[in-house]
Each structure stands twice: as C-alpha cells, then as structure tokens.
Amino acid sequence: MTMRVRFAPSPTGALHIGGARTALYNWLLARHAGGSLVLRVEDTDRERSTPENVAQIVDALGWLELGWDEGPFSQAERRPRHREEIDRLLGEGHAYLDEGAVRLRVPDAGETVVEDVIRGEVSFPHEAIDDFVIARSDGSPLYNLAVAVDDRDMGITHVVRGADHLSNTPRQILILRALGAEPPVYAHLPLLHGPDGKKLSKRHGAASVQELREAGYLPEAVRNYIALLGWGYDESTEFFTTPELVERFSLERVSKSPAVFDEKKLRWMNGHYLRQLDAGDLQQRLERRLDRPVPEAAVRIAQEKMQTLDDFWSLAAFLVEPQPDDPAAWDKVMTAGAPERLRRAREALASAEPFDADAVEQALRRVVDDLGVKPRDVYQPVRVAISGRTVSPGIFESVAVLGRDETLARIDRALERAEISTSAEPDMG
RNA sequence: GGGGGCGUGGUCUAGUGGUUAGGACGCCGGCCUUUCAAGCCGGAGGACACGGGUUCGAUUCCCGUCGCCCCUACCA
C-alpha cells in the first residue's frame, strides 16, 4: 500500500513554525516513500477560519517549497459527507441525540490503545472519555468526526501531527471503529515551545513563516533548521540538503520531548546557507527583496558577514548610496588624532594604483607603519568616514568597491566635520 | 479534579547496563600585526529532573515524587 499522508492546518491564523515543521515532515515522508501528500484545510470552525488565513498558509508552503499532491480540500465543503456518516452512526445506534447535539456512545469499560510510531502504545481508559459531541445541535459536524471521516475517505495511511492531538486520537479511533474502518498509523510529533517553555505563540518573536521570510531567512535554511527541531540523524551532522533529508528522515528517529525554537541558531545556519549561494543568485534575491538594483561587488563583499538577507542593507548600504553617520561610531573613533591619520590615509589612497583591494591594503598599511600606530587607529577612522559605522565588510574591499573618487570625497567630508568638532571641543584629547 | 505525554549543559540534539556522556548554537578567550554579526583555534558550562529500587555496576530497566505541556468545548 503506498503511503498517503496529509497536512491538515486549521486556518485560524498564520502558519507557525510548528505547523511548518509538521508540513515538512509529512512532505519528507511522502517524497521518501514515493507516496502522496494531501493538503486539507480544517475550516469547520466558521467563526475563526478565514480565506485570508488559507491564502497565507498556501503562500507560506509555497515559499518553503513544500508542494502537495492533492488538494487543498476544504473540510467545511465536505459537510454533506460528514452528515451522511453522522446519520449512519445515529441509525446504527453508535450515536444518540442529546439536546439536539449528536454524541458518540463511548463504552464505559475497557480502553482504546493508540499505536504511535514515536511513542509506542498509549492506552486511554474509557472511563476518562465522555460521550463526546460529534455534531452541533444545528447539525454541523465537529472536528473529531470530520477528521476521522476525512482521513478514511481520503485513504490516509499515516497521520503525522503535533502531540497536542494525541489525546484526541482515541476519540477518532472510536469513531473510525464505529464506522467500521481501521485506524491509520499514527505519529505524534513533540510540540514546539517558546523560550519561556510555554506553547509557541505569536508573542514569541519570529514564530510565523511569514515573519521568518520578512526577516530575511532562506527557505532552504529554514527547512534544514526546523527539520532538526525534534529529529536528529547522527551525532554530528547539522547540515542536510533537501535530497539528503528526503533520504534520511524517518519517524523512528523523531524525539519525544518538546523543543524550543532558537532564532540564534537559525541565524547562524542561515548565514551558512547565505555564504554558499553564488553571488549572482544572492544578488537576485536581494534585488527582489529590496525592489531595487544593488551592485554585484557590494553583494560579494557583504556576503561573508551576512546572516540574513536583511543584514545586507545595514552592512553595505553605504556602498550603494551615502549613509548618515552613526553618532556613537563617530564619537568612538574620531578622537583627537584621527584627523591627522585620516589625512595621511587620504594622501596614500589618492595615489594607490590600481585602485583595488590589494593596492588599498598596501597603501593603508604603509600609513600604519609610517605613523607607528595600531592598524585599527587608521582603519577605523577610514571605515567610519566612508560607511558611518564601525562595522562593515572588510575595509580594503569596501574602499576598493566604493572607488577612489567617492572614497576621497567622503574622507574630505569627514575631515571637515572632524575639524569642526575638534575645535569645538578643545579639551577632548 | 480526571486522563495522557514529556524530562541529557541556557538552547537543539547523539548515545549506551560499565563512555573522560559526543556534536551544534549561544557564551568567554585567542588568532586573522582591521572593526565584525564572518573564518580558524581554545575554554567554561551537564554527575543525564529528584528519590527509591533491580543489578557487581544505572543516564540507560522498574516504581514513586516533582516539574512542564496536551486533552477533558455544541474550538481545531
């Protein structure tokens, strides 16, 4: 029997990183087994489900490059089908009316056992399960009923979802059995928690896929990172290409304990992916994102220090157009001796030939030697003069990319300012 | 309250009845006679939640306790 899995988000909000991970695991399983992934939108809560949220989820999956084979199906649209089964359950005595609502008859004794791939056998005593409602008094079907009917109708072989559904599973099995169907294989993934240990919610930083995208993360990095939230392959491998993930992922190795989303590690991993991109590709992604052309040379030298796409602008905007000074950077670097060192740097750069990173480096090192100062005493004023900040791509590369004319012009402007501020504060050194 | 799940350094994880408990992020320090969120090197940090067992020996098996989470809705 070929594997059929499903991703069944409820469109009551944006797709969270936890949902994204569930989608990824299902996708990996389907790809690995040559089976199918069904996208089913569980929108039977008409109060909270919105078309905008559905669109957002579809969009997020698209960005993550997690395609599906069938769907998206709307659970709400399958209501007539659910109704049929509810009537059948009623007719066969498996369910009964209670103040208009329909309740499933749950045996008083015994237990229902969930065979979970990740957690083993989990038993639920029937005494702890009430005759639960499967249809509202207006006739509309409820979650557990809809899920059970849909999973069976759609031929789902493996239900892979968050552990928050484990307690609902015996109810779904009870419905399935009353319908005369065999339950699928279940696998309940460990939940994702926020840094405070609580269930992940909007309050926990960049928790939605949209926010991750806006923050400048790469879909391939996000996939790699979330794959590792609840799963590990061996004792040291951290990076997996998507084909490797398809090949190596297995439910048996999924862990049981909840994980916490750590954006710091995602940043690190994203930086690694960013550095592997070829400059042209990165340039295209940046231009699409910033909606403006950016020079390839600037992309090339910024690449080695970026961790997110968003970092590009703060790191290299000065290469695209003049940037205002960061006052703190100015104060820190433009001390009493700075103007003299800047003047010497200007002089050396004026005659550097050709104006490339090597020549710039030689020129500036000569200034350092001649003055007998520390390298940073020369480099930092130059850096602040051209970029306005204490952080930038490599200084020699930055100067070379900026070009001689622009570099000299910016140093001149800095010199003017430095002289004004130095004479205004004669005591400063 | 009832039922269920989970518990390896701050975080993600590997692992086994006998290991110096491995890797990664983060953190700290050094190097790159330049900043740095990059790179390289080094370091601190865990007696594997706690208490009992079983065992020659338990992080690994059993029981209990505690903690956290989930379900217990005419939400999903």
Side-chain angles (χ1 to χ4, degrees), chain A residues 8-13 42-49 75 98-103 111 114 116 118-119 122-130 132-144 146-147 162-171 188 190-191 193 195 197-199 225-226 228-239 253 255-269 271-272 274-275 302-308 311 314-315 329 332-333 361 364-365 368-369 374-380 382-384 387 389-396 398:
Chain A
S10 144
T12 54
E42 312 219 310
D43 52 357
T44 52
D45 180 346
R46 290 147 308 175
E47 300 282 293
R48 298 188 297 160
S49 300
Q75 194 161 61
D98 174 33
E99 296 184 12
V102 182
R103 287 183 184 276
E111 59 181 19
V114 176
D116 191 283
I118 297 168
R119 290 151 210 281
V122 185
S123 320
F124 296 83
H126 291 331
E127 301 100 51
I129 304 177
D130 295 331
F132 57 97
V133 178
I134 57 176
R136 298 185 180 89
S137 45
D138 66 1
S140 58
L142 254 17
Y143 171 72
N144 282 125
V147 169
D164 49 341
H165 289 290
L166 182 55
S167 299
N168 280 143
T169 306
R171 295 185 176 81
H188 288 93
L191 253 20
H193 288 177
K198 298 276 171 58
K199 190 181 176 182
Y225 176 74
I226 63 180
L228 260 18
L229 245 29
W231 174 81
Y233 179 66
D234 60 17
E235 62 177 45
S236 60
T237 311
E238 299 281 341
F239 292 98
R253 290 192 63 82
S255 77
K256 296 196 254 275
S257 47
V260 174
F261 169 56
D262 176 13
E263 192 172 354
K264 292 257 189 62
K265 187 162 184 176
L266 207 210
R267 281 187 67 83
W268 163 78
M269 183 166 274
H272 176 95
L274 234 27
R275 252 160 271 121
Q303 183 169 18
E304 70 180 73
K305 289 185 180 177
M306 295 166 57
Q307 286 196 318
T308 67
D311 289 343
S314 56
L315 206 53
K332 183 178 177 191
V333 170
E361 177 168 1
L364 293 180
R365 284 195 192 289
V368 169
D369 290 343
K374 286 173 165 294
R376 56 148 53 89
D377 294 332
V378 171
Y379 302 151
Q380 284 303 79
V382 171
R383 189 190 305 278
V384 171
S387 76
R389 312 191 45 185
T390 57
V391 176
S392 79
I395 187 63
F396 313 128
S398 294

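Per chain, numbering begins at 1; letters A, B, ... match sequence-line order. Side chains are part of it too, since the values below use all heavy atoms of this structure and drop only hydrogens, waters and symmetry mates.
- Checked against ring pair (Phe, Tyr, Trp, His ring centres under 6.0 Å), F396(A) has the following partners two or more places apart in sequence or in another chain: Y379(A).
- Using atom C1' as the reference point in both U16(B) and G22(B), the two lie 12 Å apart (nearest Å).
- Looking at residues two or more places apart in sequence or on another chain, you find a side chain to side chain donor-acceptor pair (under 3.5 Å) between D311(A) and R267(A), T308(A).
- Residue contacts for S398(A): at a heavy-atom cut-off of 4.0 Å it reaches no nucleic acid atom on any strand shown.
- Under the side-chain contact (heavy atoms from CB on, under 4.5 Å) criterion, A101(A) pairs with V133(A), not counting sequence neighbours.
- Partners of Y143(A) according to the side chain to side chain donor-acceptor pair (under 3.5 Å) rule, which considers only residues two or more places apart in sequence or in another chain, are H165(A).
- With sequence neighbours excluded, the residues forming a side chain to side chain donor-acceptor pair (under 3.5 Å) with T237(A) are D234(A), listed by chain and number.
- Looking at residues two or more places apart in sequence or on another chain, you find a salt bridge (Lys or Arg N to Asp or Glu O under 4.0 Å) between R365(A) and E361(A).
- Checked against A73(B), G3(B), C36(B), the side chain of V391(A) finds its nearest nucleotide in C36(B).
- Contact between the side-chain N/O atoms of R253(A) and the OP1/OP2 oxygens of G15(B) is found at a separation under 4.0 Å.
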Pairs under 3.5 Å (N/O, protein and nucleotides 4-6 of chain B):
| unit_1 | atom_1 | unit_2 | atom_2 | d |
| --- | --- | --- | --- | --- |
| G5(B) | O2' | R119(A) | NH1 | 2.8 |

Quiz prompt | Contact pattern, 5' to 3', of nucleotides 22-33 of chain B - B, S or - by protein heavy atom under 4.0 Å | solution = BBBB-------S
Tabulate protein N/O versus nucleotide N/O from nucleotides 74-76 of chain B, keeping only pairs under 3.5 Å, one per line.
| unit_1 | atom_1 | unit_2 | atom_2 | d |
| --- | --- | --- | --- | --- |
| C74(B) | O2 | S137(A) | N | 2.9 |
| C74(B) | O2 | S137(A) | OG | 3.0 |
| C74(B) | N3 | S137(A) | OG | 3.0 |
| C74(B) | N4 | E99(A) | O | 3.1 |
| C75(B) | OP2 | R136(A) | NE | 2.6 |
| C75(B) | OP2 | R136(A) | NH2 | 3.1 |
| C75(B) | O2' | D45(A) | OD2 | 2.1 |
| C75(B) | O2' | R48(A) | NH2 | 3.3 |
| C75(B) | O2 | R48(A) | NH2 | 2.7 |
| A76(B) | OP1 | T44(A) | O | 3.4 |
| A76(B) | OP1 | T44(A) | OG1 | 2.8 |
| A76(B) | OP2 | Y143(A) | N | 2.9 |
| A76(B) | O3' | E42(A) | O | 3.0 |
| A76(B) | O2' | S10(A) | OG | 3.0 |
| A76(B) | N6 | N168(A) | OD1 | 2.7 |
| A76(B) | N6 | N168(A) | ND2 | 3.3 |
| A76(B) | N1 | N168(A) | OD1 | 3.1 |

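- In terms of the salt bridge (Lys or Arg N to Asp or Glu O under 4.0 Å) criterion, R389(A) has no residue partners (sequence neighbours excluded).
- Residue-level contact check: F396(A) touches the bases, meaning some heavy atom is under 4.0 Å from a base atom.
- With sequence neighbours excluded, no residue forms a salt bridge (Lys or Arg N to Asp or Glu O under 4.0 Å) with D130(A).
- Nucleotide C68(B) is matched to G5(B) when pairs are restricted to Watson-Crick or G-U wobble geometry with both distances under 3.5 angstrom.
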Give each protein N/O atom lying under 3.5 Å from an N/O atom of nucleotides 42-48 of chain B, with the pair distance.
none

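- With a 3.5 Å ceiling on both atom-pair distances, U55(B) lacks any Watson-Crick or G-U wobble partner.
- For R389(A) and C36(B), the shortest distance from a side-chain N or O to OP1 or OP2 is not below 4.0 Å.
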